There are 2 protein chains.
Amino acid sequence: MKNLSPSLEDYLEAAYTLSLKEGFSRACGISRLLKVSKPSVNSAVKALAARGLLEHEHYGYIRLSPAGLKAGAEISGRHALLKDFFVSVLAMDENQAGEDACRAEHALSPEALRRVGALAVFLKAPPRRRLLLAARSAMSKRKNG
Amino acid sequence: MKNLSPSLEDYLEAAYTLSLKEGFSRACGISRLLKVSKPSVNSAVKALAARGLLEHEHYGYIRLSPAGLKAGAEISGRHALLKDFFVSVLAMDENQAGEDACRAEHALSPEALRRVGALAVFLKAPPRRRLLLAARSAMSKRKNG
DNA sequence: TAATAAAGTTAGCCATGGCTAACTATAGCA
DNA sequence: TGCTATAGTTAGCCATGGCTAACTTTATTA
């Protein structure tokens, strides 16, 4: 599977998010969500369909394929992880956190994402749990765990 | 001053970084640093010159203007802040941290950057200092400080 | 000083990803 | 059933930001 551009990731994420309710999404919904024109959605959807991530009925519904659902969940997960970090750890405003997550989700490596998530888990844990996590980390053989 | 695209920010940052040694930089240095072709550097440098951020002698040196130095320092500071967070807090490898910083520096809002920096300061402080910072924060009237 | 290497420029190509204008299809309702 | 609003499509434009090929300028050095 070829890597998606940030832009295509955004479109797939939007289609995925809108699909969670009904099982499908529509171009106009994506257009409204991402605040882009309908022709922009149209060409992005074509590109995603060409990669086998979704199917697009002519003048009709957009349905994610299994691969599309998987990729959409992955992207959506990145977004949620970052937004949670911004809100729970950095105490940022919800909207601002969403916007930052939206941009940062395309910028960070999987490794950085993983560590940001782990830091959030650690900092959100109650003190006793945190001590346990720290102790386990100290026992671990991993260099940077 | 118009906002710079991520790409132009990278070129300006490169010119700034290379200038720190000698007071000027050259296109071939930027080309090597950013791993892009010389014509790409050439057109980016033109765009930066058009914005008054640097001057470019024909077939010669590139010198940052005062505005360019200011902007370069700002961008470079963002980069350093993020890299420090990735290395000192997330315990990431230097190279990986540099790459992630390079991409994330264009994605995060000033507010997010500020908070990431503050978090790094807090977590890197020794326990007693940390307690003091926490106490001050508790006394502060700011909502999310 | 003339040849050559290195640096810089120009022209022109391409992909991505936006947009508007104008058209077509579908659906809901009088 | 036909009108109209909404949705979707197509064509074509533009800006950004890469690239190569071919050229010019500058610097080095034999």
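By convention in this document, chain letters (A, B, ...) are assigned in the order of the sequence lines, proteins followed by strands, and residues within each chain are numbered from 1. Because the structure is predicted, anything quoted here is derived from the model rather than measured.
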Nearest-Å distance for atom pair CZ/P, residues A:Arg51 and C:dA15: 13 Å
B:Lys38 side-chain N/O to C:dA6 phosphate OP1/OP2 under 4.0 Å: no
Nearest-angstrom distance from the residue atom CG of B:Leu48 to P of D:dG17: 10 Å
Interatomic distance, B:Ile30 CD1 vs D:dG17 P [rounded to whole Å]: 15 Å
Sugar-phosphate, base or nothing in reach of A:Ser31, heavy atoms under 4.0 Å: nothing
Side chain of B:Leu8 (C-beta onward), nearest among D:dG17, D:dA21, D:dA7: D:dG17
Side chains of B:Ser65 and B:Leu54 in contact at under 4.5 Å (non-hydrogen atoms): no
OP1 or OP2 of D:dG8 under 4.0 Å from side-chain N/O of A:Arg26: yes
Interatomic distance, A:Leu12 CG vs C:dG17 P [rounded to whole Å]: 13 Å
Shortest side-chain distance from A:Val36, nucleotide among C:dT20, C:dT26, C:dG18: C:dG18
Distance-only side-chain donor-acceptor flag, A:His106 / A:Asp10, under 3.5 Å: yes
B:Glu74 and B:Lys70 ion-paired at < 4.0 Å: no
Interatomic distance where NZ belongs to A:Lys46 and C1' belongs to D:dT10 [whole Å]: 7 Å
Side chain of B:Ser5 - closest among D:dG8, C:dA7, D:dG17: D:dG17
Sugar-phosphate only, base, or nothing, as touched by A:Tyr61 at under 4.0 Å among non-hydrogen atoms: nothing
Shared hydrophobic cluster for A:Leu90 and A:Leu81 (ILVMFWY, side-chain gaps under 4.5 Å): yes
D:dG18 OP1/OP2 closer than 4.0 Å to side-chain N/O of B:Ser37: no
Residue whose closest nucleotide on DNA chain C lies nearer the 5' end, B:Pro39 versus B:Arg32: B:Arg32
Gap between atoms NZ and C1', on B:Lys35 and D:dC19 respectively (whole Å): 17 Å
Lys/Arg-Asp/Glu bridge criterion (N-O < 4.0 Å) met for A:Glu94, A:Lys83: yes
Residues B:Glu57, B:Arg63: salt bridge by 4.0 Å N-O rule: yes
Short side-chain N/O contact from B:His56 to OP1 or OP2 of C:dT9, under 4.0 Å: yes
Touch class at under 4.0 angstrom, heavy-atom based, for A:Ser7 against every strand present: sugar-phosphate
side-chain N/O B:Tyr11 vs D:dT16 OP1/OP2, d < 4.0 Å: no
Minimum-distance nucleotide (side-chain atoms of B:Asn42 versus D:dG18, D:dG8, C:dT9): C:dT9
Separation of C:dG17 P from A:Glu9 CD (nearest whole Å): 11 Å
Closest nucleotide among C:dT10, C:dA7, D:dA11 to the B:Cys28 side chain: C:dA7
Distance, rounded to the nearest Å, where B:His58 contributes NE2 and D:dA27 contributes P: 13 Å
Nearest to side-chain heavy atoms of B:Tyr59, which nucleotide of D:dG8, D:dT10, C:dA7: C:dA7
